[in-house]
Amino acid sequence: MQEITGVTTSAYTPYGDFKNRIGEEVVIRGAIHNIREMSDIAFILIRTDRELIQCVYSTEFSDYRLDENVVEQASAKITGKVVKSETRDGSERYELQIHGIEILSKPAAVPPVVISKKQVVCDLSVNLDNRPVTLRNPKERAIFKLQEGIQRGFREYLQSQNFTEVHTPKINFAGAEGGTNVFKLDYFGKTVYLAQSPQLYKQALVPVFERVFEIAPVFRAEHHDTSRHLNEYISMDLEMGFIDSFTDIMNTEAGALKYIMNLLKTEYAPEVELLKADIPEITSIPCIRFKDAKELCVKKLKNITDMKDFEPEEEAFLGKWAKQQFNSDFLFVTHYLSKKRPFYTMDDPDDPEVTLSFDLLFRGIEITSGGQRIHDYNMQVEKMKRLGMNPEEFETYLMLHKYGAPPHGGLGLGLERLTMHLLGFKNVRNATMFPRDINRVSP
RNA sequence: GGCCCGAUAGCUCAGUUGGUUAGAGCGCCAGCCUGUCACGCUGGAGGUCGACGGUUCGAGCCCGUUUCGGGUCGCCA
């Protein structure tokens, strides 16, 4: 009788390991990525989970004969000897002298777009239409490996700071913030909404776990058809209790970003190299009050009309300013006007016109909004009334305040947008595996 | 949703003033090439020029409608 031991055999040999294994017979599994046939040898590039491994076929040392089964995108198991490559430029590389090839599976058709070159060359819409195939391209896949690194860094850092990872419901009776841009759906005859933010729930969990975070999709039914908007995106959210000041939240974010960038530079070095990603160096992040930032913009830029918020042009200017003044890719802008922030935002006791809130600009583009929340029941009810909201509709939400909540605050970070700006893409969809937008729900 | 631009081979694109059989590169197929690394060389297959209608002796090209795609603008992560 067969027994399951919980141990899987790994056939994968990391490339970096090859220099220590010269002369050894190894087995690798992967897809045939590319075949370059010469007169009596052939180079077969095997695509493993994270890299390309050059394998050399020759009638001199290969038992298998190349036939109609050895084609690109076939799955193969290759045995061979690790040898040093003969490279023209003298660079140190290693390859496999193929002894045996076992074809595990063969494709039924040729890929609709060429994925075996350095880059996938096609329109974004064609790329997205063929996502299951185009993602196989090493450069394309590196984007999402790097994105995994961002999530992983966020998670690992917060875990180290005693945050508890939670998952809040995505099907709700009411929109968390009562907004209009929520998706409605039929739920056994009742109308329910897809979560546009975990706000309500992550705050409710502060008196439970003190510090919580969530990495999960959120849904926005906005009719915007732009290169920056998605109707479903991954939000990295955190909420922390017993804060002395909203700067505690900013410090947590700076710590997380430092950790993330360091993780990318070390454990995601192959992807960073492949994508030529410019990973920012973070020592400390400068802060500026909204009012002061606005004054700077008015002084340096023309035609500033909106005094309550920033135009994209102003954000870009502030990004450059932070780089020049502080050599920082990041800039915190604090104390946004009360009327431009959500109802749960804590007003500054020293100046009720502004809030204990912040945005984080990365290279001149906003990537985070956060701040301290109201924890006092009466204060929250009063602010709701002042904003024309009916507190009775928020009964569940207000249970947090009614039965006692510590001073707390948090933030939200869009994963795809951060990936996009880190890699310098012009369209979020480049940094989204399977984007959902106003025109696309497939694949 | 408003405005601007586009749609030609599987992919990326040329196509002159409206005129015979619509081209290139990549991919694919066949052959050649002692080490390629976006290999190279020779040849071949592959097209309802987005769709519908109109003008014309004649439309890939001009006009109208429509579908799809790209850019841009409120709001935002």
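To find a chain, count down the sequence lines: A is the first, B the second, and so on, and within it residues start at 1.
Aromatic rings of His408(A) and Tyr344(A) (six-membered ring for Trp) have centroids beyond the 6.0 Å cut-off, not under it.
Here Ile41(A) lies in heavy-atom contact (under 4.0 Å) with a base. At a threshold of 4.0 angstrom between heavy atoms, the contacts of Val120(A) with the nucleic acid are absent. Within 4.0 Å of Glu37(A), counting heavy atoms only, lies at least one base atom of the nucleic acid. The residue Thr87(A) sits close to a base: some heavy atom pair falls under 4.0 Å. Within the 4.0 angstrom heavy-atom criterion, no nucleotide atom of any strand lies near Leu45(A).
Here, U72(B) and U12(B) have their C1' atoms 24 Å apart, quoted to the whole Å. As rounded to the nearest Å, G64(B) and G27(B) have P atoms that lie 41 Å from one another. Comparing G46(B) with G25(B), their C1' atoms are spaced 15 Å from each other, to the whole Å. Taking atom C1' on both nucleotides, C76(B) is separated from A24(B) by 44 Å, rounded to a whole Å. The same atom, C1', is picked in U8(B) and in G50(B); the two are 10 Å apart, to the nearest Å. The P atoms of A51(B) and A59(B) are separated by 15 Å, rounded to the nearest whole Å. Comparing the same atom, P, in G40(B) and in U21(B) gives a spacing of 35 Å after rounding to whole Å. Nucleotides G60(B) and U16(B) place their P atoms 12 Å apart, quoted to the nearest Å.
Under 4.0 angstrom from either OP1 or OP2 of G69(B) there lies no side-chain N or O belonging to Ser125(A). Listed pair Ser227(A) / G71(B) fails the phosphate criterion, with no side-chain N or O lying under 4.0 Å from OP1 or OP2. Contact between the side-chain N/O atoms of Lys117(A) and the OP1/OP2 oxygens of C26(B) is not found at any separation under 4.0 Å. For the pair Asn427(A) and G71(B), the criterion of a side-chain N or O lying under 4.0 Å from OP1 or OP2 is met. Close to A77(B), at under 4.0 Å from its OP1 or OP2, lies a side-chain N or O of Ser369(A).
The distance between atom CD of Glu140(A) and atom C1' of C11(B), rounded to the nearest whole Å, is 14 Å. Between the CZ atom of Phe425(A) and the P atom of A77(B) there is a distance of 22 Å, rounded to whole Å. With rounding to whole Å, Asp40(A) atom CG is found 9 Å from G35(B) atom P. A straight line from CD of Gln119(A) to C1' of G25(B) spans 16 Å, rounded to a whole angstrom. With rounding to whole Å, Asp123(A) atom CG is found 19 Å from C5(B) atom P. Across the protein-nucleic acid pair, Tyr233(A) atom OH and C76(B) atom P stand 11 Å apart, rounded to whole Å. One can place OH of Tyr57(A) at 15 Å from C1' of U34(B), the figure rounded to the nearest angstrom. Protein atom CZ of Phe219(A) is 17 Å distant from nucleotide atom P of A77(B), rounded to whole Å.
Taking a cutoff of 4.0 Å between a charged side-chain nitrogen and a carboxylate oxygen, Asp278(A) and Arg363(A) qualify as a salt bridge. Between Lys265(A) and Glu281(A) a salt bridge is recorded (basic side-chain N to carboxylate O distance below 4.0 Å). With salt bridges taken as basic N to acidic carboxylate O contacts below 4.0 Å, one links Arg50(A) and Glu271(A). Salt-bridge check for Arg341(A) with Asp347(A): failed, with every basic side-chain N at 4.0 Å or more from each acidic carboxylate O.
The shortest side-chain heavy-atom distance between Asp359(A) and Phe290(A) does not fall under the 4.5 Å cut-off. The shortest side-chain heavy-atom distance between Glu239(A) and Phe163(A) does not fall under the 4.5 Å cut-off. Residues Glu214(A) and Glu165(A) have side chains not in contact (no heavy-atom distance under 4.5 Å, counting atoms from C-beta outward). You'll find the side chain of Val120(A) reaches within 4.5 Å of the side chain of Asn127(A), heavy atoms only.
In this structure, the nucleotide among C11(B), U34(B), G35(B) sitting nearest to the side chain of Ser85(A) is G35(B). Between G35(B), C75(B), G69(B), one nucleotide has an atom nearer to the side chain of Arg228(A) than all others, and that is C75(B). Closest approach to the Leu230(A) side chain among A77(B), C33(B), C11(B) is made by A77(B) (side chain taken as heavy atoms from C-beta onward). Listed nucleotides: G35(B), C11(B), G69(B). Nearest to the side chain of Glu86(A): G35(B). When each of G74(B), A38(B), C75(B) is scored by its nearest atom to the side-chain atoms of Lys118(A), the top-ranked nucleotide is A38(B). For Val126(A), the side-chain atoms get nearest to C11(B) when compared with the rest of A77(B), C11(B), G35(B). With distances taken from any side-chain atom of His229(A) to the nucleotides G74(B), C75(B), C11(B), the minimum falls on C75(B).
Comparing Ile438(A) and Glu72(A), the nucleotide of RNA chain B nearest to each residue sits closer to the 5' end for Ile438(A). Two residues, Arg440(A) and Ile367(A), neighbour RNA chain B, and the one matched to the more 5' nucleotide by heavy-atom proximity is Arg440(A).
Partner assigned to C13(B) is G23(B), using Watson-Crick or G-U wobble distances below 3.5 angstrom. Under the Watson-Crick or G-U wobble criterion, with both distances below 3.5 Å, G40(B) is paired with C32(B). The pairing partner recorded for A45(B) is none, the criterion being a Watson-Crick or G-U wobble arrangement whose two distances lie under 3.5 angstrom. Within the shown strands, C68(B) is the pairing partner of G6(B) under the Watson-Crick or G-U definition, both distances less than 3.5 Å. G1(B) is paired with C73(B) under the criterion used here, namely a Watson-Crick or G-U wobble arrangement in which both key atom distances are under 3.5 Å.
Residue Arg417(A) places a side-chain atom within donor-acceptor reach of the base of C76(B), judged by atom type and a 3.5 Å distance cut-off alone. For G35(B), the base has a donor-acceptor partner in the side chain of Glu95(A) [N/O atoms by modelled type, under 3.5 angstrom]. Judged by atom type and distance alone, Gln54(A) reaches the base of U36(B) through a side-chain donor-acceptor pair under 3.5 Å. Between the base of C37(B) and the side chain of Arg93(A) there is a donor-acceptor pair shorter than 3.5 Å.
By the rule that a glycosidic angle within 90° of 0 means syn, G10(B) does not qualify and counts as anti.
G35(B) has no stacking from Phe43(A) on its base ring, since the centres under 5.5 angstrom apart and planes within 30 degrees of parallel are not both found.
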